[in-house]
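To start, the structure under review is shown below, and the notes come after it.
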Number of protein chains: 2
Amino acid sequence: MGDLVPQGRRGDLFDPGCPTRQLLDRIGGKWVAMVITVLAEQGELRFAELERRMPGVSHKMLSSTLQQLVADGLLARRVEPVVPPRVHYQLTSLGRSLEAPLAAIREWAEAHMAEVDLARTTPGPR
Amino acid sequence: MGDLVPQGRRGDLFDPGCPTRQLLDRIGGKWVAMVITVLAEQGELRFAELERRMPGVSHKMLSSTLQQLVADGLLARRVEPVVPPRVHYQLTSLGRSLEAPLAAIREWAEAHMAEVDLARTTPGPR
DNA sequence: CTGGATCCTGGTCGATACTG
DNA sequence: CAGTATCGACCAGGATCCAG
């Protein structure tokens with residue numbers, strides 16, 4: 001698609017604070033894509049359920065990842081005022097709109113990562 | 001020999017060593033997307049030209065990023081046997097195939113990062 | 001010109017323990 | 001159950017110098 005940004009400086013990755021760069025920094029986080037994917041599939045999950053579905057994640061990382069995504073407006077946080085508290089997370093419409101580009105990444109990875117692995121393990125080119 | 005990952009679960013982000021996760025770790029690197037984008041536009045560039053087009057990059061990071069991308073089979077490295085040496089880099093067909101998912105990311109970012117910024121700067125939930 | 005080697009710093013991530 | 005706080009390990013990233 002054409003870029004509708006003035007030609008002087010593309011709105012690309014070349015400015016500090018450009019949107020693409022910021023986004024990659026964000027979804028490049030170790031657990032971000034996993035949270036989004038799991039919530040895209042399950043719809044709504046509680047903290048402990050997320051934790052259970054994400055082997056290897058620590059409380060701290062899950063907590064901070066969720067905080068970040070809520071702050072970014074990608075996740076909605078719903079608290080049931082009971083004891084013990086129940087906190088539910090689900091994607092916002094903004095978060096769901098990320099599914100498409102994330103799916104593009106996933107498809108590329110599944111289609112081509114074998115080639116990448118081959119290239120990495122093959123000493124010489126060709 | 002590469003060890004095969006048992007495919008009991010989805011090839012998603014949930015196994016260590018899953019393709020999507022590996023890819024995100026890789027293109028999440030600070031300069032990777034920039035190198036790919038600049039080479040996608042320019043076709044072929046030398047080391048110093050890349051450096052000039054990427055403000056803020058250090059020799060080391062450009063060098064290591066290029067090494068990584070060459071090792072991954074995304075870039076082709078061509079050396080002119082002269083002194084001083086001239087080294088040219090261009091995307092391989094594999095590297096060019098990454099343009100599409102990268103464009104998807106870019107489009108999402110340009111379309112929605114304003115909303116993300118708004119969410120981040122807005123104190124209360126809506 | 002290319003890019004490797006070295007040293008240093010800051011942020012990210014993980015384990016653990018604690019509060020409401 | 002949900003979330004925070006603290007500590008420490010690790011690594012990406014940057015500056016500089018050196019070599020082919």
Side-chain angles (χ1 to χ4, degrees), chain A residues 13-14 16-18 21-35 38-39 42 44-72 75-90 120 125, chain B residues 13-14 16-18 21-36 38-39 42 44-72 75-90 125:
Chain A
L13 312 156
F14 304 95
C18 79
R21 172 69 169 282
Q22 288 183 353
L23 178 61
L24 275 176
D25 285 347
R26 213 150 282 177
I27 68 175
K30 195 170 180 180
W31 303 104
V32 175
M34 197 185 295
V35 166
V38 105
L39 285 178
Q42 303 298 325
E44 187 182 53
L45 289 176
R46 292 170 52 189
F47 188 93
E49 292 171 329
L50 277 166
E51 194 175 15
R52 189 153 35 83
R53 287 169 192 275
M54 295 169 58
V57 73
S58 64
H59 285 252
K60 174 194 172 182
M61 288 316 297
L62 182 54
S63 182
S64 61
T65 300
L66 291 172
Q67 275 186 9
Q68 174 195 317
L69 291 174
V70 169
D72 288 348
L75 293 190
R77 183 177 185 268
R78 181 170 62 84
V79 182
E80 286 187 57
V82 297
V83 286
R86 295 182 181 180
V87 185
H88 300 258
Y89 293 91
Q90 64 178 344
R120 291 188 66 85
Chain B
L13 311 157
F14 305 93
C18 80
R21 171 70 168 282
Q22 288 183 352
L23 177 61
L24 276 175
D25 285 347
R26 213 149 282 176
I27 69 175
K30 193 170 183 180
W31 304 103
V32 175
M34 197 185 294
V35 167
I36 292 178
V38 108
L39 285 177
Q42 303 297 325
E44 188 180 52
L45 289 175
R46 292 170 53 190
F47 188 92
E49 291 172 329
L50 278 166
E51 194 175 14
R52 188 154 35 82
R53 288 170 190 275
M54 295 169 57
V57 73
S58 64
H59 284 251
K60 176 194 173 183
M61 289 315 297
L62 182 54
S63 182
S64 60
T65 300
L66 291 172
Q67 275 186 8
Q68 173 194 318
L69 292 175
V70 169
D72 289 349
L75 292 190
R77 183 176 184 269
R78 180 171 63 87
V79 182
E80 285 188 59
V82 298
V83 287
R86 295 182 182 178
V87 185
H88 300 259
Y89 294 91
Q90 65 177 344

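Note: hydrogens, waters and symmetry copies are ignored here, and every other heavy atom, side chains too, is used. In what follows, every chain begins at residue 1, and chains take the letters A, B, ... in the order their sequences are listed.
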Measuring from the side chain of A48(B) (C-beta onward, heavy atoms only), which nucleotide among dC1(C), dG13(D), dG3(C) has the closest atom? dC1(C)

Length of the line joining D25(A):CG and dA12(D):P, which is rounded to integer Å: 15 Å

Among dG14(D), dG3(D), dG14(C), the one nearest S58(A) by side-chain distance: dG14(C)

Return yes if some donor-acceptor pair links the side-chain N/O of S64(B) with the main-chain N/O of K60(B) below 3.5 Å, else return no. yes

For R77(A) and dG3(D), is the shortest distance between a side-chain N/O and OP1 or OP2 below 4.0 Å? yes

To the nearest angstrom, the CZ-P distance between R78(A) and dC1(D) comes to 17 Å

With a cut-off of less than 4.0 Å, is there a side-chain N or O of R46(B) near OP1 or OP2 of dC1(C)? no

For V32(A) and Q68(A), which heavy atoms make the closest approach, and how far apart are they? CG2-NE2, 4.2 Å

Which whole-number value in Å describes the distance from M61(A) CE to dG3(D) P? 15 Å

Quick one: is Y89(A) getting a side-chain N or O under 4.0 Å of the dC1(D) phosphate, OP1 or OP2? no

Please determine whether the number of non-hydrogen atoms from other residues, nucleotides or ligands lying under 6.0 Å from atom NE2 of H59(B) exceeds 12. no

In terms of heavy-atom contacts, does CZ of R86(B) have more than 12 from other residues, nucleotides or ligands at under 6.0 Å? no

Spacing between L45(A) atom CG and dC1(D) atom P, to the nearest angstrom: 15 Å

Between P85(A) and F47(B), which residue's closest nucleotide on DNA chain C lies nearer the 5′ terminus? F47(B)

On DNA chain D, check which nucleotide each of H59(A) and V57(B) is closest to and give me the residue with the more 5' one. H59(A)

Can you find a pair of side-chain heavy atoms, one from L39(B) and one from L50(B), that are under 4.5 Å apart? yes

Rounded to the nearest angstrom, tell me the gap between atom CG in L66(A) and atom C1' in dC13(C). 15 Å

Nearest to the Q67(A) side chain among dG14(C), dC1(C), dT4(D), which nucleotide is it? dT4(D)

Whole angstroms only, please: what is the CE-C1' distance between M34(B) and dA12(D)? 15 Å

Interatomic distance, Q68(A) CD vs dG3(D) P [rounded to whole Å]: 15 Å

If I take atom CE in residue M54(B) and atom C1' in nucleotide dG14(D), what distance separates them, rounded to the nearest angstrom? 14 Å

Using a 4.0 Å heavy-atom cut-off across all strands, classify K60(A) as base, sugar-phosphate, or nothing. base

